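One structure below.
All values reported here derive from a predicted model rather than from experimental measurement. First the proteins, then the strands, lettered A, B, ... as listed; each starts at 1.
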Number of protein chains: 2
Amino acid sequence: MEHWDEIRTAYYVVREGTVSGAADALGVHHATVIRHIDALEERLGVKLFQRHARGYTPTEAGADLARVAQTTDDQFSQLGGRLRGQGETVTGELVVTALPSFAERVAPVLVQFQRDHPEVQVRFLTDARVFRLEYGEAHVAIRAGSAPEEPDNVVQPFFTMEIGLYAAPCYVERFGRPTMDTLGDHRFVGFADLRSRAPFMRWQEKHVPLEAVHFRATDDRGLIAAVRSGAGLGFMATCDAHGLVDVMDRQPEWNAQTWLVTHVDLHRSAKVQAALSAFKAAARDWRRDEKGIQLS
Amino acid sequence: MEHWDEIRTAYYVVREGTVSGAADALGVHHATVIRHIDALEERLGVKLFQRHARGYTPTEAGADLARVAQTTDDQFSQLGGRLRGQGETVTGELVVTALPSFAERVAPVLVQFQRDHPEVQVRFLTDARVFRLEYGEAHVAIRAGSAPEEPDNVVQPFFTMEIGLYAAPCYVERFGRPTMDTLGDHRFVGFADLRSRAPFMRWQEKHVPLEAVHFRATDDRGLIAAVRSGAGLGFMATCDAHGLVDVMDRQPEWNAQTWLVTHVDLHRSAKVQAALSAFKAAARDWRRDEKGIQLS
DNA sequence: CATTAGATGTGCGTAGTCGCACAGTTGAGG
DNA sequence: CCTCAACTGTGCGACTACGCACATCTAATG
C-alpha cells in the first residue's frame with residue numbers, strides 16, 4: 001500500500017465516476033489515470049472498478065478504498081490549511097535560550113511577549129551550555145561575545161551591555177578609587193575561568209596583574225555578590241550596579257555585545273519574527289533609557 | 001495539498017530521523033527524498049525540517065504533518081490488508097439475478113450458499129429485464145437461451161432445463177394424447193410474446209399451427225396454471241410438471257440451456273468463485289437426480 | 001589530533017512516466 | 001435509423017524525476 005498518489009487517483013475516479021472526469025479534476029491526462037488504476041489493481045490483486053464505455057463503477061473494494069481516501073483527503077486538506085497558516089499566525093511554543101546572566105533582562109520581555117500573544121507558550125531556557133539551534137533546541141538564542149558565525153544561523157545585533165568597574169562603598173572608603181597607574185595596588189574580583197572571552201576580562205588580563213585578582217567566582221552572580229561584600233573591584237553591567245560605586249570612567253571596549261540568533265529555517269516564520277521584533281523593541285527602549293539617564 | 005507521495009516521504013523522514021534512513025525505508029535514493037522535501041516545503045511555504053549534517057529534525061509543522069500522515073499510513077495499511085484479503089475471503093454482498101422462471105430452482109441454492117458462508121448477504125434479483133453486469137448490477141447472472149456473447153462477460157454452461165409437453169389429466173381424458181400428425185387437432189397453451197426465443201416455443205411455432213394455440217400467457221407461471229386448469233397442451237420444465245401427464249416423448253431440441261454469467265472483473269474474486277461452484281454443484285446434483293429418476 | 005563512518009547536497013545521464021493523438025465503442029437524441 | 005457526443009484504451013514522443021557518483025561536512029573513536 002505504497003504509492004499514495006495512485007490511491008488519490010482512484011479516489012477521484014470514484015468521486016467523478018469517469019476516468020476523464022477524474023483526469024480533469026486532477027489536472028492530468030486521462031491516460032495517466034488509467035495507468036494508475038491498472039497499476040494499483042495489479043499490485044493489490046483486486047479489481048477496484050468495473051470498466052465500461054460510459055465510465056468506471058467501483059466494486060466493493062473500490063468503494064472501500066474511496067471511503068478511506070475520502071477521510072485522508074479531508075485530513076490532508078485541513079493539514080494543508082494549518083501548515084500554510086502556520087507561517088502567518090503566532091501560536092504554539094516559543095523556545096528562547098540565553099545565558100543565565102541575561103535572565104533578568106530577557107525575562108520581562110518574554111512575559112510581555114506572552115501577554116501580547118496569548119496563544120504562545122514561552123519556554124525560557126537559561127543554561128551555561130550553548131543550545132544548538134540546528135537541532136531544534138530553541139527558536140531564538142541570545143548570545144554574547146563576538147558575532148557567531150555558524151552557517152545557517154541568522155545573527156542580528158541585540159544590545160550592548162554597558163559594563164562599568166564597580167566597588168562597594170566600604171571598599172572605596174578603605175582603598176580609594178583606582179587610576180590606570182594604580183590598578184596593581186587594588187584587589188580585583190574576576191572569573192574563575194581564566195579563558196573567559198568577555199571583553200572586560202580580556203581588558204583585565206591585559207592591564208591588571210594576575211596577583212591583584214584576589215577573588216574569583218564562577219559566574220557573574222558570584223562576582224557581583226563578592227563585589228557587594230567589599231571583596232574588591234569588579235566589572236559588571238551598569239544595571240546590576242545599584243548601590244555600588246562607579247570607580248572608573250567607562251571604556252567602550254569593556255562593553256559586551258549581545259546577539260539575537262535564529263536558525264535560518266525558522267527565521268522566516270511569523271512567530272520568530274514577532275519574537276525578534278519584541279526583543280529589538282525592548283533593546284531600543286533600553287538604549288533610550290540609558291541615554292535619558294546619561295542626559296539627566 | 002496534492003502529491004500524497006511527498007507527504008509520505010516527509011513522514012518517513014520524521015520517523016527515521018535522517019534522509020538516508022528514510023530513503024532506505026522507502027526503497028528510493030536519498031536524493032529523491034531531499035527533492036520531495038524541498039518541493040513540499042516550497043509548495044507549502046513552510047519549513048518542515050531543520051537540516052543539519054546529522055539528520056533532519058522536524059519543526060512543529062513537520063511534526064504536525066507526521067502525526068496526520070501516521071494515521072493515514074495506518075489506515076492505508078489496514079485498507080491494503082482488507083483489499084488484498086477481500087480476494088480470498090467470502091464476505092459482503094452477493095447479488096444474483098435470474099429470470100423469475102428460475103427462482104424456484106435457484107433460490108434453494110442461494111439459501112444453502114448463505115448457510116455455508118454466513119458472512120455474505122445474498123440479494124436475489126428476479127426481473128424480466130436483463131441486468132447489466134458491466135454496470136455492477138449483479139455479481140452473477142443466470143441467463144437462458146443461446147450463449148451470451150457480450151464482451152467482458154465470462155459465460156459457463158449451467159444446466160439444461162429439461163422440457164416436456166404436458167397436459168392436465170382431465171384434458172387427456174377428454175382429448176387424448178397428441179402425435180406428430182395430430183398436433184393441429186389439439187389445443188395449445190403458449191406465450192403471449194410471439195417472438196419468444198425459448199427453443200420449445202420455436203419448435204411449437206414450426207410444428208403447431210397458430211390457430212391451435214388457444215391460450216397465451218405472459219410468463220411460465222401463467223402457462224403452467226393454464227395447463228393445470230386443462231386449457232391445453234403446454235411445454236414446461238419437468239420439475240414443474242408434478243401431477244400432469246407427460247403426453248409426448250421428450251425431444252432434446254425442446255430443452256433450454258441456461259448459463260452462468262459473470263463479469264470478468266469480478267470473476268476471479270473468491271466470493272464469485274464460491275457462488276459459481278455452489279451453482280455448478282447444484283447442477284450436478286440435479287443431473288444425477290434426473291438420471292436416477294430415468295433409471296428407476 | 002588524525003581517521004573513519006555516516007550524513008547532506010549537487011551535477012549528470014538515464015529510465016520511467018506523462019501528455020498527445022488517434023482508434024474504437026457506447027448511449028442518447030432528433 | 002442515423003448522427004453526434006462522450007468515454008475508454010493504446011502506441012509514440014517528450015519530459016520529468018530518478019539513481020548514480022562525487023563533494024562536503026559532522027561527530028565519534030582510537
Side-chain angles (χ1 to χ4, degrees), chain A residues 2-6 8-10 12-43 47-58 62 129-130 132-137 149-153 263-265, chain B residues 2-10 12-43 47-58 62 129-137 149-153 263-265:
Chain A
E2 16 204 78
H3 297 102
W4 289 4
D5 281 344
E6 291 176 356
R8 179 164 180 263
T9 302
Y12 267 75
V13 173
V14 175
R15 253 188 19 179
E16 302 291 325
T18 66
V19 168
S20 306
D24 284 346
L26 289 167
V28 297
H29 200 267
H30 73 270
T32 303
V33 174
I34 292 179
R35 283 189 270 256
H36 279 189
I37 302 298
D38 288 346
L40 196 55
E41 287 184 340
E42 176 79 16
R43 208 169 294 115
K47 286 286 172 191
L48 297 172
F49 297 93
Q50 295 190 51
R51 299 144 163 74
H52 51 266
R54 294 292 291 179
Y56 275 32
T57 62
R129 85 175 177 89
V130 173
R132 312 214 43 173
L133 295 180
E134 62 267 32
Y135 286 4
E137 292 188 306
E149 287 182 352
E150 291 143 17
D152 297 340
N153 280 8
H263 194 274
V264 66
D265 286 347
Chain B
E2 17 204 77
H3 297 103
W4 289 5
D5 281 343
E6 292 176 355
I7 298 177
R8 179 165 179 261
T9 301
Y12 268 74
V13 173
V14 175
R15 252 189 18 180
E16 303 290 326
T18 66
V19 168
S20 306
D24 284 347
L26 289 166
V28 298
H29 200 269
H30 73 268
T32 303
V33 174
I34 292 179
R35 283 190 271 256
H36 279 190
I37 302 296
D38 288 345
L40 197 54
E41 288 183 340
E42 176 79 16
R43 208 169 294 116
K47 286 286 172 192
L48 298 172
F49 296 93
Q50 297 189 49
R51 300 144 162 75
H52 51 266
R54 294 291 292 177
Y56 276 33
T57 62
R129 85 177 177 90
V130 174
F131 288 92
R132 312 214 46 173
L133 294 181
E134 61 267 32
Y135 286 2
E137 293 188 307
E149 286 183 353
E150 291 143 17
D152 298 338
N153 280 7
H263 194 274
V264 66
D265 287 346

Give every donor-acceptor pair under 3.5 Å between a side-chain atom in residues 18-25 of chain B and any protein atom, sequence neighbours left out.
from: T18(B); atom 1: OG1; to: G21(B); atom 2: N; distance (Å): 2.9

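- At a threshold of 4.0 angstrom between heavy atoms, the contacts of S20(A) include nucleobase atoms, whether or not backbone atoms are also involved.
- E42(A) has its CD atom 13 Å from the P atom of dT17(C), to the nearest Å.
- Near DNA chain C, defined here as any heavy-atom distance below 4.0 Å, the residues from residues 23-40 of chain B are H30(B), A31(B), I34(B), listed numerically.
- The distance from atom CG of D265(B) to atom C1' of dG9(D) is 14 Å, rounded to the nearest whole Å.
- For E41(B) and K47(B), the salt-bridge test passes: some basic side-chain N is under 4.0 Å from an acidic carboxylate O.
- Put simply, CD on E2(B) is 16 Å from C1' on dC18(C), counting in whole angstrom units.
- F49(A) CZ to D265(B) CG: the interatomic distance, rounded to the nearest 0.5 Å, is 11.0 Å.
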Quiz: residues 27-36 of chain A side-chain donor-acceptor pairs under 3.5 angstrom, not counting sequence neighbours:
from: H29(A); atom 1: ND1; to: A31(A); atom 2: N; distance (Å): 3.2
from: H36(A); atom 1: ND1; to: T9(A); atom 2: OG1; distance (Å): 2.8

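- Under the side chain to side chain contact (heavy atoms under 4.5 Å, CB included) criterion, E2(B) pairs with R8(A), sequence neighbours left out.
- We find the CG-CD distance between L133(B) and Q50(A) to be 7.5 Å, quoted to the nearest 0.5 Å.
- Between H3(B) atom NE2 and dT16(D) atom C1' there is a gap of 11 Å when expressed in whole angstrom units.
- At a threshold of 4.0 Å, the pair D38(A)-R43(A) does not count as salt-bridged, since none of the basic side-chain nitrogens sits closer than that to a carboxylate oxygen.
- Within residues 51-58 of chain A, the residues that have a heavy atom under 4.0 Å from DNA chain D are, in order of number, R51(A), H52(A), A53(A), G55(A), Y56(A).
- Phosphate contact (OP1/OP2 of dG27(C), side-chain N/O of R132(B), threshold under 4.0 Å): present.
- Annotation: ring-ring contact (aromatic ring centres under 6.0 Å, His included) contacts of Y12(A) (sequence neighbours excluded): none.
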